[in-house]
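See structure below.
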Amino acid sequence: MIRYIVKRLLSLIPVLFGVSLIIFFLVRMIPGTALEMYMGTQVEATPEQMVELQRIFGEDKPVPVLYMEWLGDIIHGDFGYSLRTGRPVFPDILSRLPLSLELTLFSLVLALMIGIPLGIVSSLHQNTFGDFISRITGLLGLSLPQFWLAALMVMAFSGFRGWIPMGNYVGFIVDPLRNLKMLFFPSLAIGIGFAAVVMRYTRNSMLEVLQQDYIRTAKAKGLKHRSVIYTHALKNAILPVITVTGFNTGYLLGGAIVIEEVFALPGIGRLSLYAIYQRDYPIIQAVVMIIATIFVVVNLITDIIYALMNPRTRLDDTTR
Amino acid sequence: MGKEIILHVEGLRTEFQTERGIVQAVNNVSFVLHRGETLGIVGESGCGKSVTNFSILKLVQYPPGRITDGTVLYNEKDLLQCSEDEIRTIRGKHIAMIFQDPLTSLNPVIKIWVQIAEALRLHQGMSKKDAKAKAIELLKLIGIPDAEQRADNYPHQFSGGMRQRVMIAMALSCNPDILIADEPTTALDVTIQAQILEIIKNLSQEHKTSVIMITHDLGVVAEMCDAVCVMYAGRIVERATIDELFYDPKHPYTIGLLNSIPRIDQDSEEHLHSILGAPPDLIDLPIGCPFQPRCTHAMEICAYKSPPEFSMGGDESRTVACWLHEKEHAHG
């Protein structure tokens, strides 16, 4: 197991290298450089001033050279300075990351808490009215865009109803209740689509598992309906749900970035959004690198959970 | 062998709703099982032998399956009238089952000992620890080496033969009165088959368990059974003791089955015997005898009138559903 984890963590290196290459050149393909954004259209500068500014904004060297320099820096843990504020990038990101991670995790938990039970109920009452309703709900959850749902929630639940606390964001450690209150609706907006995915996976998987011979064996033993469903069927049916959850956690994080903007939450989503407006390359690059790392690590964790739940996958297998 | 009747199946009918129509999988099947007896149910694939036995424990999945008629008397209780809760106390405790494919019949994500211990904890109220000890003891009994270690394995780490032994251990864990073995050796190698049959035979004799052995293999019948019911198209066409079946078969289908067994002394130039034609479509059964289209002795009456079960010499345990034997029945 340890060997497998180390191997997977080592595979992070080529992944991150590829991501760094793509993001570095991609952000520079957006029309308009950081300097042009900074200058706007009304400011005049002398040619000498321009040369100096180009040096500060790192536009005096060819892009490949800049890339090599940046790569050298981040290997040493130096993510550079914001082109706008001049502050180091890393502490800024670090202070905003917990919010985005919490939002992702919260939406994940909500999605699983809604999706799995609905999927089970739906599969046990296949083709009944309840199944029909939960399938329609699932389809709705899938087809409603997150940002639209989020905007609707803001309109409906904030303001005079006060279900979404207004004002400054408070961290979980400072005031857990207020924090969860603030994040509940944003998380719901992010997670509802995924809840629908989980529901459908659970339902299909359960329907398939319930046809298996070992379910008949379990019934023939005289086990109660509950034990047959929750011990024998669910343990098998949950496996595909774990896999799909791993893949989707990255997308939930992506969703968090959009939804933060709608609910005015200061996470890395808003940070990177403004960084893109302003062509603040170091911030964009650092955020993408961190998200890529999280994505790979989450998938590793998923695989480990999967292996623990499914004895047929052995992580120490040398043929892997 | 005592003649105490332990299970009495009477007029059992089970049907399946399909897109093409209703399939009469089990059509008016009756038989009795005596204490300590091993009863064989023989027939081709799809003749309804498995469904008959699933029906006994109400394990037929609804929908599409439905038991429409009949009684299954066990201890003077009609199992078919039992509620789900009542029948659950019978399943696994008094009547246990072994299934055909031991790989798909064991839960792949649950440890072996847990699967054996489940029934013990449920029906005998054992603690987790006691149940585990008993499960290991059962594994030793059925000849699993290193039982203590292997108990923590998962089914995929066991071979086919070992898995079927686990199924047997599971089924016999609560000392049931009746063991229903549904083609227990079909998925196994020939060498393993004999071992498995031996285990079932020894354990059932030891615990005076009655066995219903479902098979299409007449070799297994010869090896294991005291009495036999031959099924065709959802009905019992012949019932006999083991000797009567092999030395004095009556029904043309039974005779065809027996002739289909390849013999070592057979001329290798000669074709293997087989029954011509295919089993009938259960949705669209012939009006008369279901075997009539394939029968070499078919008479006029066979085409329009289905034969009842004629008892031979007034003996209820020796019957043939064939018009050829109407006279023997009449003259006793």
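Only a predicted model underlies this, so the values are computations on that prediction, with no experimental measurement involved. Quick note on labels: first sequence line is chain A, next is B, and so on, each numbered from 1.
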Taking CZ in B/F54 as the centre, count heavy atoms belonging to other residues, nucleotides or ligands within less than 6.0 Å. Is the count above 12?
yes
A/Q146 and A/A189: which non-hydrogen atoms are nearest, and at how many Å?
CG-O, 3.6 Å
Members of residues 230-240 of chain A whose heavy atoms come closer than 4.5 Å to chain B:
A/T231, A/H232, A/K235, A/N236, A/L239
Heavy-atom distance under 4.5 Å to chain A: side chain of B/Q115, backbone, both or neither?
both
Quick check on the interface: out of B/P176, B/S173, B/C174, B/S105, who has the most heavy-atom pairs with chain A under 4.5 Å?
B/S105
Residue, of A/Q212, A/R216, A/H225, A/K219, that accumulates the most heavy atom pairs under 4.5 Å with chain B:
A/R216
Give a yes/no verdict on a cation-pi contact between B/R66 and B/F16, requiring under 6.0 Å between NZ or CZ and the six-membered ring centre and an angle within 45° of the axis.
no
If we define contacts as heavy-atom pairs under 4.5 Å, which of B/V114, B/I110, B/I98 has the most with chain A?
B/I110
Where on B/L122 is there a heavy atom nearer than 4.5 Å to chain A: the side chain, the backbone, both, or neither?
side chain
Atom OH of A/Y251: over 12 foreign heavy atoms under 6.0 Å:
no
Could you walk me through whether B/D182 and B/K49 satisfy the salt bridge (Lys or Arg N to Asp or Glu O under 4.0 Å) test, starting with their C-alpha distance in whole Å, then the side-chain angles of each, then the deciding distance to 0.1 Å, before giving a yes or no?
CA-CA 9 Å; B/D182 185 2; B/K49 49 193 197 298; over 6 Å; no
Side chain to side chain donor-acceptor pair (under 3.5 Å) with A/R203: of A/S122, A/S134, A/S123, only one passes, and it is A/S122
Between B/K93, B/M97, B/H123, who has the most heavy-atom pairs with chain A when the cutoff is under 4.5 Å?
B/H123
Is it the case that over 12 heavy atoms from other parts of the model lie below 6.0 angstrom from the CD atom of B/E148?
yes
Output yes when a side-chain donor or acceptor of B/R150 lies under 3.5 Å from a complementary backbone atom of B/Q157, and no otherwise.
yes
Does A/R135 pair with A/D131 as a salt bridge, N-O distance under 4.0 Å?
yes
Select, from B/P108, B/A171, B/A119, B/P155, the one with the greatest count of heavy-atom pairs under 4.5 Å involving chain A.
B/P108
